Structures are given as structure tokens and as C-alpha cells.
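Below: the structure, in C-alpha cells.
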Amino acid sequence: MGITPTCWVSVSLPAFAGNIAHATSTLAGDARLMVAVKSDAYGHGEKEIAETALRAGADSLAVLDIDSGARLRPHAGDAMLLAWLLSPADDFSVAALAKVDLGISGLWQLEKLAREVPQGGVSVHLKIDTGLHRNGALPEDWEELCREALRLERTGVLRVKALWSHLSDTSLQENELSLARFHSAVDQARAIGLTPELLHIAASAAATDLPESRLDLVRVGISAYGVSPFDDRSAHDMGFAPVMSAHALVTSVDQERSEARIGIGYADGLLPLPADTGWVLHDTQRLELRSVEADHCVVGLPSNHAVSLGDHVTLWGQPDTGSPSAEDWASWSGTIGDEVVSAMAHSIEHRFIRQ
Ligand SMILES: Cc1ncc(COP(=O)(O)O)c(C=O)c1O
């Protein structure tokens with residue numbers, strides 16, 4: 001028997017499945033829905049999340065790197081898996097074996113593919129940088145990349161399945177400009193002779209606010225996990241439910257100082273907060289957070305509220321009970337909700353709610 005943990009996250013697979021259905025109708029529309037399961041599915045657990053996404057109607061999965069794709073292939077049936085964070089140290093033959101599509105940004109990646117998988121079988125998505133300046137071929141290198149990809153396609157080394165880009169999501173105007181740049185790059189690639197089946201550029205934010213960016217496929221990440229990509233709208237406003245909630249037990253009570261410790265800290269993945277910022281929920285009572293330490297947090301005890309050793313508190317993710325949200329925690333720690341949930345990836349127990 002193991003030691004009873006003093007903290008854990010609950011991951012609601014039914015809530016996630018509901019979010020996938022909602023994303024299909026409200027974010028994808030007529031486009032296909034690719035669900036991003038990068039960073040251990042934003043800290044939620046990649047295997048369970050990948051299986052649930054596909055069962056709930058997602059078309060495909062975005063995975064970051066080849067090894068994650070190979071790990072998820074047994075859980076993904078024949079669904080398309082796309083990896084785009086490619087390193088010179090990767091073995092591209094692993095992508096061929098696991099049928100992982102590669103997001104290609106540079107000539108060196110095409111050369112490596114031709115060298116390591118000369119027999120062919122890998123589909124590629126050529127990526128153009130449309131303003132984000134993070135991954136993607138620069139416009140001045142695009143023509144050469146397209147020409148080389150076409151040459152390799154004609155010799156049977158690869159298939160150019162898609163052309164794609166990623167948006168900065170800094171403003172609607174910036175996204176519109178990037179979308180226009182993308183269309184020019186697509187025209188250029190087609191003029192060279194490429195015949196992609198798919199065009200994709202939008203993630204959560206653009207799929208919500210710029211429907212013309214949905215094209216053939218949208219790659220949705222954080223909103224499917226019930227966390228908002230926006231500052232001015234909550235995931236709840238968008239119709240998405242939280243999937244992860246974080247919990248801890250009271251591990252000591254100090255009546256003299258009117259404070260208690262709860263058994264979760266930054267070593268468990270909790271993002272640190274400035275002193276005396278934020279609160280957690282005990283029953284229906286808010287307990288103010290005094291500090292986040294390595295293996296515990298200190299909370300203040302209101303004079304009219306009893307707390308006992310072993311009691312349960314919720315840190316975020318159960319709005320029905322009045323708890324904070326992951327977005328609340330993000331605003332307290334000066335970051336985005338993605339980081340709050342993703343940070344819980346490995347060190348903390350994940351309890352899956354399956355029905
Ligand atoms: C290339 C790519 N597509 C899609 C996503 C999903 O984005 P979001 O979580 O904003 O929906 C990400 C996330 O960083 C990404 O890098």
C-alpha cells in the first residue's frame with residue numbers, strides 16, 4: 001500500500017469529451033478538429049486525453065515531437081498525428097514507423113527525411129512563418145522549400161499533405177494580416193506545383209474570433225481543456241467546462257496564528273504566488289493564501305470557521321462549488337492559464353473521472 005498523497009488533480013474525461021463536442025460545433029464548424037495534446041496534454045495526461053478526444057469526435061492530434069507521436073500511436077488508431085518540433089537529434093524513421101506527419105520548416109529537415117526514410121511513406125505539412133517568428137519557413141525561403149518538397153514528392157520520398165502556419169493571436173488585426181500572408185504563400189506553393197489536401201492556421205483564439213481562418217482544419221488546444229485563451233472572456237463564457245481541478249489536504253492547523261498548512265506546493269507543480277495573494281476553497285469558505293512553499297501552502301483561518309486536520313480544500317477547477325478557476329490562479333501569478341495546468345504534468349497524482 002502506498003502513502004496517501006496530500007494533493008492530487010482530478011481530470012474529468014466526461015467534461016473533456018463535452019468540450020470536444022462543443023469545440024467541434026463552435027470552433028471548427030465545417031473544418032476538421034485537431035486537438036493539441038502537447039506537454040502531456042497540457043498537464044492532463046496525454047494517453048487518456050488523446051483517447052477521449054478521438055472518441056468524442058476529434059479528427060486528429062497535434063503532439064509537438066516525434067517521440068510523443070510514437071508514444072501515442074497505439075492510442076490513436078489511424079488518426080492523423082502531427083509533430084513539428086523537430087531536432088537534428090531525432091530519428092525520422094520513427095515518424096515513418098509510427099505514421100507521424102511532420103511539420104516541416106526548413107530544408108535541413110527535408111534533407112534529413114530523404115536520408116533517413118528514402119523508401120518514403122511520411123506525409124509532411126510545410127509551415128510558413130506568417131509573423132509569429134517561432135518555427136516556420138521565412139517568406140524568403142518558402143519558394144526553395146516548396147520546390148525541394150515537390151522534387152522529393154515526385155521521387156516518392158514524401159507526400160506534401162498540408163500547408164500551414166501558426167498565428168500570434170496578439171490582435172484580430174495581426175491575425176488578419178497573417179492570414180492574408182498565408183494565402184499568398186499557398187498561391188505561391190500551388191503555382192510551383194504542390195497539391196496539398198489541407199490548409200490550416202487557426203488555434204483556439206482565431207477559430208473563435210476569425211471564422212475565415214478555420215480553413216480545412218483547426219488546431220485547438222487550451223479551450224478544449226476548459227481554460228480561456230483570452231484576457232477578456234472566461235472559458236465558462238465560451239461554453240467550455242474545466243477539465244482539471246486541483247486539491248490538497250489540511251496537514252496542520254495552528255490555532256494560535258490562525259493559519260493552517262495544506263499539502264501542496266511548488267514542488268508539486270503549483271506556480272508560486274506573491275505573498276498574501278489568492279485563496280483556496282474549504283467547504284464554501286474562502287481561505288486566503290499567505291504563501292506557497294516547496295511542499296505546502298500556508299492559508300489563513302477566519303475566526304468563525306473551523307478547519308480540521310485531513311480536511312479537503314480545492315485550489316481551482318470546480319466552479320460549481322465556488323472554487324477559483326485556473327484563470328484566477330494565472331492572473332494571481334502573472335501568467336496564462338496554460339501554464340497553471342501544464343505545470344501539474346508529472347509530479348502529482350492524476351485521478352481520472354471516467355464517467
Ligand atoms: C502549432 C500549434 N497549434 C495549435 C496550438 C494550440 O493553441 P491553443 O492552445 O491556443 O488552442 C498550439 C499551442 O501552442 C501550437 O503551438
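Owing to the predicted nature of the structure, the values given are computational and were not obtained by experimental measurement. We count ligands from 1, going down the list as the structure has it; atoms in each ligand are counted the same way.
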Does any N or O atom in [X] lie less than 3.5 angstrom from one in ligand 1, N or O only?
X: G221; answer: yes
X: K38; answer: yes
X: Y42; answer: yes
X: K127; answer: no
X: I222; answer: yes

State whether a side-chain donor-acceptor pair under 3.5 Å links H200 with H125.
yes
Under a 3.5 Å threshold, yes or no: a donor from one side chain and an acceptor from the other, between D187 and S184?
no
Decide, yes or no, whether a salt bridge links R290 with E288 under the criterion of side-chain N to carboxylate O below 4.0 Å.
no
Side-chain donor or acceptor of D129 paired with backbone N/O of L138 under 3.5 Å:
no
Using atom types as modelled and distance alone, determine if a side-chain donor or acceptor of S342 lies under 3.5 Å from a backbone N or O of E339.
no
Side chain, backbone, both or neither: [X] near ligand 1, heavy atoms under 4.0 Å:
X: R134; value: side chain
X: Y225; value: neither
X: H166; value: side chain

closest protein heavy atom to atom 7 (O) of ligand 1 is A203 CB, 3.3 Å
Looking only at protein heavy atoms, identify the closest one to atom 3 (N) of ligand 1 and say how far it is in Å.
R219 NE, 2.8 Å
Report yes or no: does W164 have a heavy atom closer than 4.0 Å to ligand 1?
yes
Worked check of side-chain hydrogen bond (donor to acceptor under 3.5 Å, both in side chains) between S245 and H247:
CA-CA 7 Å; S245 57; H247 309 270; 2.7 Å; yes
Show, in sequence, the C-alpha distance, side-chain angles and deciding distance for D338 and Y225, and conclude whether the side-chain contact (heavy atoms from CB on, under 4.5 Å) test is met.
CA-CA 9 Å; D338 307 38; Y225 297 87; over 6 Å; no
Per-atom contacts of ligand 1 with W84, taking only distances under 4.0 Å to non-hydrogen atoms
1 (C), 2 (C), 15 (C), 16 (O)
Which of these passes side-chain contact (heavy atoms from CB on, under 4.5 Å) with L270: I348, L315, D295, V340?
L315
Do H312 and W8 have ring centroids that are under 6.0 Å from one another?
yes
Tell me the nearest of S228, A206, A207, S204 to atom 11 (O) of ligand 1, using heavy-atom distances.
S204
